[in-house]
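Below is one structure, written out as structure tokens; comments come after it.
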Amino acid sequence: MARRQYPFHLIEPKWQQHWEAEQTFRAWNPGDQLPAAHPFALRHSLASAVARKESLPPKCYILDMFPYPSGAGLHVGHPEGYTATDILSRYRRAQGFNVLHPMGWDSFGLPAEQYAVRTGQHPRKTTEQNIANFTRQIRSLGFSYDWSRELATTDPEYFRWTQWIFLQLYHAWFNPETQRAEPISTLTYPADCQTEAQRRTFRDGKRLAYVSEAPVNWCPELGTVLANEEVIDGKSEVGGFPVIRKPMRQWMLRITAYAERLLADLDTIDWTDSLKEMQRNWIGKSQGALVTFAVAGVADAAITVFTTRPDTLFGATYMVLSPEHALVASLTTPDQAAAVREYQTFAAGRSDLERTELAKEKTGVFTGAFAINPVNGERIPIWIADYVLASYGTGAIMAVPAHDTRDFEFAAKFNLPVRQVVQPPDAKTPWQGFTDPGTAVNSSSAELSLDGLPTAEAKRAITAWLESRNLGRGTTNYKLRDWLFSRQRYWGEPFPLIWKRDADGTLYHEALPESALPVIPPPLDDYKPTADGRPPLARAADWVELPDGSIRETNTMPQWAGSCWYYLRYLDARSSSGFVGSDAESYWMKAPEAAPTLSASFRPSPGVDLYVGGTEHAVLHLLYARFWHKVLFDLGHVSTPEPFHRLVNQGLILGEDNQKMSKSRGNVVNPDDILKEFGADAFRLYEMFMGPLQDVKPWNTQGVAGVYKFLGRVWRLFIDEATESEFEQRCTVDPSRSAEFLTEVRLAPNVQDIPADPFHLKPLHSCIKKVTEDLEGLRFNTAISAMMIFVNEAIAWDVKPVAALKPFLQLLAPFAPHLAEDLWSRLHQSLGVSTPSLSYEPWPRFDPTLLVEDTLEIPVQVNGKLREVIRVPAAATNAELEAAALKAEKVLPFLAGKTIKKVIVVPRKLVNIAAV
RNA sequence: GCCGCUGUGGCGAAAUGGCAGACGCAGGGGACUUAAAAUCCCCAGAUCGCAAGAUCGUGCGGGUUCAAGUCCCGCCAGCGGCACCA
């Protein structure tokens, strides 16, 4: 272990305790009674007052993605984002904003449940232990969270409201006319819904939360179904276990209804392009047409296909249905029936993995039936093949092998005809397999000709023709599927639902009343799913069966449920009368109408002002949360259409070997070890100094030593060497009295309360300027280097004016808050004045007049190459600059024998002489 | 295959179209020390040169410009996402 640069081991716990005791970082809501002595109240003249929306300063909501408290403890990746948001929170507080900066626990999750299955220990117990460990680790980093708002998704007082929000979804439907969710009571029933049972079936089919019997991703190893998003290459995202398709009764959320709004509203928020692009890809909007084909010889059978290339309709030489398509059985001719059935069995048995891995080789069989191409009356064969997915579009396609890669491969394998209908723009490009836009050819009938039309126009023409004949219509399709929302697990939110039978014996579901919330999972002896595949909750017979004969839903919600709305609970975390109070919601989520100009370059936005987390949540969490938020918005429970206005992904931190950190590689860095040796301030500073927040970057413990040395220099900038070394000697003798000895350490004698002159103020103010600008741009690494430059300069001063050092401590405070607080309080003590709270001291402003130079160093180039740097008065005119450059000593030899063609003078910057 | 991001010293990185490599790590030299650690000062892209200095240099090839790491066109490599989505 290296020599301790400064007594961080005493300083850091001291200030952490101070902040906790003083509730320094408590964020105040409208309606809160502010204490008389709280520094926020003093700064904003609200001491002893009841805060009102109008009297509170403008809000700023800075949020971290809350962690899953795993047994492994904190990872160095967690504090990266947390430090960035903490720095920004402290900065905004100093600017005068009312900052909401909370932390909590995404504590439902599989590991605690798997541990319970193995040991029988209740997951709540494991979860509590892990939360305690995470709390200790996160607190030791000195983040300025408002811990009074801490929440855990596993807390019944939290998931009561998760269940309540589920009920809002259950009791709502999406009205396509208004494009919004509305209470289910606004639903109008079709005329053929006569009986209550019919109306119920219709209603249940419209709810945003509904039951589906569709095939799902069943993971036998985990004993649960998984959402499509949780299956990677046919294996579970968690654990990498095989996943098979299996039809089961499941709860679904109708996220597809929101596809268009989820897509369109991306344009209203400030996320990176790459992240928006990932969401756009996931939503997968495509424009095209539905086209209906009659089936030859079967009067009332028709097959509708979705295509993005209706312009190629004349090139359709066969059709393909997915093996699961509803019409397959009725179309298939007797002599093909055996082959078709065999193929259906084959396809059903193929896992997703096999379907994708073996994608190169197309498979399929002929049904024996033919369809009629509506444009030219041609008979084309109908095949089934598993390269057509049942779940996308209509589950059926028209195959245009000439202009679709997959159809081309299939046609080649099964010897089906290939007919050109698009001419590539470049005559040399072969038309076979050409899928880009071109010009329509061979596309004429008696009634219609597309020939000669560019692809885009051909699409319009054919779509109009199809619509006029009632054979098809233009439409939009999305890849996004409804969200499979139930899991066969114990450690999740139970659904607030029960099942009943009506007079006919038909099973139906019903919501529990709000008064029944929270529905708490019953204790079990065994947490495994039952032998027949029912969820663990089914084991608790006396919980499942209610006195009136109805039975409880035994599925639980997925882990995403709790994280879909936690950012709203923070606004009013202890509310017992609603998921969030409306005053709190509108204060923190609405953009202030006329914010006083606290900052030239920042104004609070609607929703969360800054949300920082990893890219792993780019589609799942962020899409789900946006969806819930929009539903809550439609139903009038929140005031903005989007939850997270600005979102930044922190980059992954790799191990010292440049590989992803993992136990098996043995390159995991444990924050506890770093903290012990270098302290929290050095750890925070290093994580920010490594490079840009968004970049992937490797860990290097020697780099921590570097910023640690910088903090040591800051300490020595202020501290008297003699009393410091005496302190160290006394600590060696009696370490138990270290804290007491520390109070005897004095400021350096050359730290003096005298006026600062430009010699001191110039470097200070250029540092203020750089740090302030870099904070706004989240460029923490360059802000730190600006502070290093200042310290390198200031440490050489013979006399160190307090007036030049105090603002520096304010700049340092967001980054290294413990050290800054300690030196700040020493400085004030030595002046014999009371110490104002560093956290609420107004952020320093730089004075541009101090940064004005009286002479400038101007590079002189000849033909773009640097030849000399000349020193000129700052006021020099262009003509003077040019003259000085032309007679500069080292420039002359490069001009000798040449003709000067042109001299470019960039005022205050550079002179370039073009000479030949 | 498609989409997105990134390529700069030994390493992490910096640079509104205007002095490439700030700041830091590792390295070298010196001061202090009996010695080491720590601290302080100095050097430090590559090549050639005793030096002054010169030439080359931001993944590769072109282009625009008085001037390109930065803008444009075409490649290559790495990372991330999607992937039979019709």
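Reminder, nothing fancy here: chain letters follow the sequence lines and each chain counts from 1.
- The side chain of A/Lys890 contributes an N or O atom lying less than 4.0 Å from OP1 or OP2 of B/G53.
- Base pairing of B/C60 is made with B/G74, judged by Watson-Crick or G-U wobble geometry with both donor-acceptor distances under 3.5 Å.
- Between B/G4 and B/C73, the distance separating the two P atoms is 13 Å to the nearest Å.
- OP1 or OP2 of B/C25 sits under 4.0 Å from a side-chain N or O of A/Lys709.
- Proximity note for A/Ile789 (side chain, C-beta onward) versus B/G12, B/C23, B/C19: the nearest is B/C23.
- Remark: the A/Tyr478 side chain and the A/Glu260 side chain contain an N/O donor-acceptor pair separated by less than 3.5 Å.
- Checking B/G18, B/C23, B/A14 against every side-chain atom of A/Ser785, the shortest atom distance belongs to B/C23.
- Comparing B/G10 with B/A26, their C1' atoms sit 8 Å apart, to the nearest whole Å.
- Annotation: B/U70 and B/A86 have their P atoms spaced 37 Å apart (nearest Å).
- The distance from atom CG of A/Leu910 to atom C1' of B/C19 is 8 Å, rounded to the nearest whole Å.
- Between the CD atom of A/Glu882 and the OG1 atom of A/Thr877 there is a distance of 9.5 Å, given to the nearest 0.5 Å.
- Between the C1' atoms of B/A54 and B/G62, the separation comes to 28 Å (whole Å).
- Around the NZ atom of A/Lys762, the shell of radius 6.0 Å holds more than 12 heavy atoms that belong to other residues, nucleotides or ligands.
- Spacing between B/G78 and B/G24 at atom P, rounded to whole Å, works out to 35 Å.
- The distance between atom CD of A/Gln279 and atom P of B/C3, rounded to the nearest whole Å, is 20 Å.
- For A/Asn792, a side-chain nitrogen or oxygen approaches OP1 or OP2 of B/G24 to under 4.0 Å.
- Residues A/Ser391 and A/Arg481 bring a donor and an acceptor atom of their side chains to less than 3.5 Å of each other.
- Syn is the glycosidic conformation of B/G9, whose angle stays within 90° of 0.
- Here the separation of B/C75 from B/A22, taken at their P atoms, is 35 Å to the nearest Å.
- Look at CD1 on A/Ile858: it is 10 Å from C1' on B/G18, rounded to the nearest Å.
- Contact between the side-chain N/O atoms of A/Arg280 and the OP1/OP2 oxygens of B/C82 is not found at any separation under 4.0 Å.
- In terms of position along RNA chain B, the nucleotide closest to A/Gln861 lies nearer the 5' end than the nucleotide closest to the other residue of the pair A/Lys285 and A/Gln861.
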In sequence, state the C-alpha distance, the side-chain angles, and the governing distance for A/Tyr387 and A/Phe410, and then conclude on ring pair (Phe, Tyr, Trp, His ring centres under 6.0 Å). CA-CA 9 Å; A/Tyr387 83 90; A/Phe410 190 82; 5.2 Å; yes
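- Minimum atom distance to the side chain of A/Phe894 is reached by B/A54, of the listed B/A54, B/G12, B/C84.
- To the nearest angstrom, C1' of B/C19 lies 16 Å from CD1 of A/Ile904.
- Minimum atom distance to the side chain of A/Lys362 is reached by B/C84, of the listed B/C19, B/A22, B/C84.
- B/G80: Watson-Crick or G-U partner is B/C3, with both key distances under 3.5 Å.
- For a distance-only test at 3.5 Å, the side chain of A/Lys479 fails to qualify as a donor-acceptor partner of the base of B/C82.
- Comparing B/G45 with B/C19, their C1' atoms are spaced 15 Å from each other, to the whole Å.
- Here A/Arg908 lies out of heavy-atom contact (under 4.0 Å) with every strand.
- The phosphate of B/G24 (OP1 or OP2) has no side-chain N or O of A/Gln702 nearer than 4.0 angstrom.
- Nucleotide B/A31 has B/U39 as its partner under the Watson-Crick or G-U criteria, with both atom distances under 3.5 Å.
- Note: CG (A/Leu856) to C1' (B/C19) measures 14 Å, nearest angstrom.
- The listed nucleotides are B/C40, B/C66, B/C23; the one nearest the side chain of A/Asn912 is B/C66.
- A donor N or O paired with an acceptor N or O is not found under 3.5 Å between the base of B/C82 and the side-chain atoms of A/Asn281.
- Nucleic acid contact for A/Val696: sugar-phosphate only, since backbone atoms but no base atoms lie under 4.0 Å from a heavy atom of the residue.
- Applying the Watson-Crick and G-U wobble criteria (two distances, each under 3.5 Å), B/A20 pairs with nothing in any strand.
- Comparing A/Phe306 and A/Leu866 against RNA chain B, the residue whose closest nucleotide sits nearer the 5' end is A/Leu866.
- Between A/Ser286 and B/A86, a side-chain N or O to OP1/OP2 separation shorter than 4.0 Å is present.
- A/Phe790 comes within 4.0 angstrom of nothing in the nucleic acid, heavy atoms only.
- For A/Pro859, the side-chain atoms get nearest to B/C19 when compared with the rest of B/A54, B/C19, B/A13.
- The ring of A/Phe683 has its center no closer than 6.0 angstrom to the ring center of A/Phe678.
- Separating the CG atom of A/Asp273 from the P atom of B/C3 is a distance of 15 Å, rounded to the nearest angstrom.
- Using C1' as the reference atom, B/G57 and B/G69 are 11 Å apart when rounded to the nearest Å.
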Let's go through A/Asp267 and A/Arg280 carefully: what are the C-alpha distance in whole Å and the side-chain angles of both, what is the deciding distance for salt bridge (Lys or Arg N to Asp or Glu O under 4.0 Å) to 0.1 Å, and is it a yes or a no? CA-CA 11 Å; A/Asp267 295 336; A/Arg280 284 190 194 107; 3.5 Å; yes
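- Under 4.0 angstrom from either OP1 or OP2 of B/C40 there lies at least one side-chain N or O belonging to A/Arg713.
- Residue A/Gln5 places its side chain closer to B/A38 than to any other of B/G12, B/A38, B/A86.
- Residue A/Gly706 is classed as a sugar-phosphate contact, given heavy-atom separations below 4.0 Å to backbone atoms only.
- Side-chain contact, A/Arg626 with A/Gln279: a donor N or O sits under 3.5 Å from an acceptor N or O.
- Computed from coordinates, the A/Met688 CE to B/A14 P distance equals 13 Å when rounded to whole Å.
- Ranking B/C23, B/G18, B/U39 by closeness to the A/Arg716 side chain, first place goes to B/U39.
- The residue A/Asn781 sits close only to the backbone: its heavy atoms come under 4.0 Å of sugar-phosphate atoms, none of a base.
- When Watson-Crick and G-U wobble pairs are counted only if both distances are under 3.5 Å, B/A54 pairs with B/U47.
- Defined by atom type and a distance below 3.5 Å, a donor-acceptor pair is missing between the side-chain atoms of A/Ser286 and A/Asn477.
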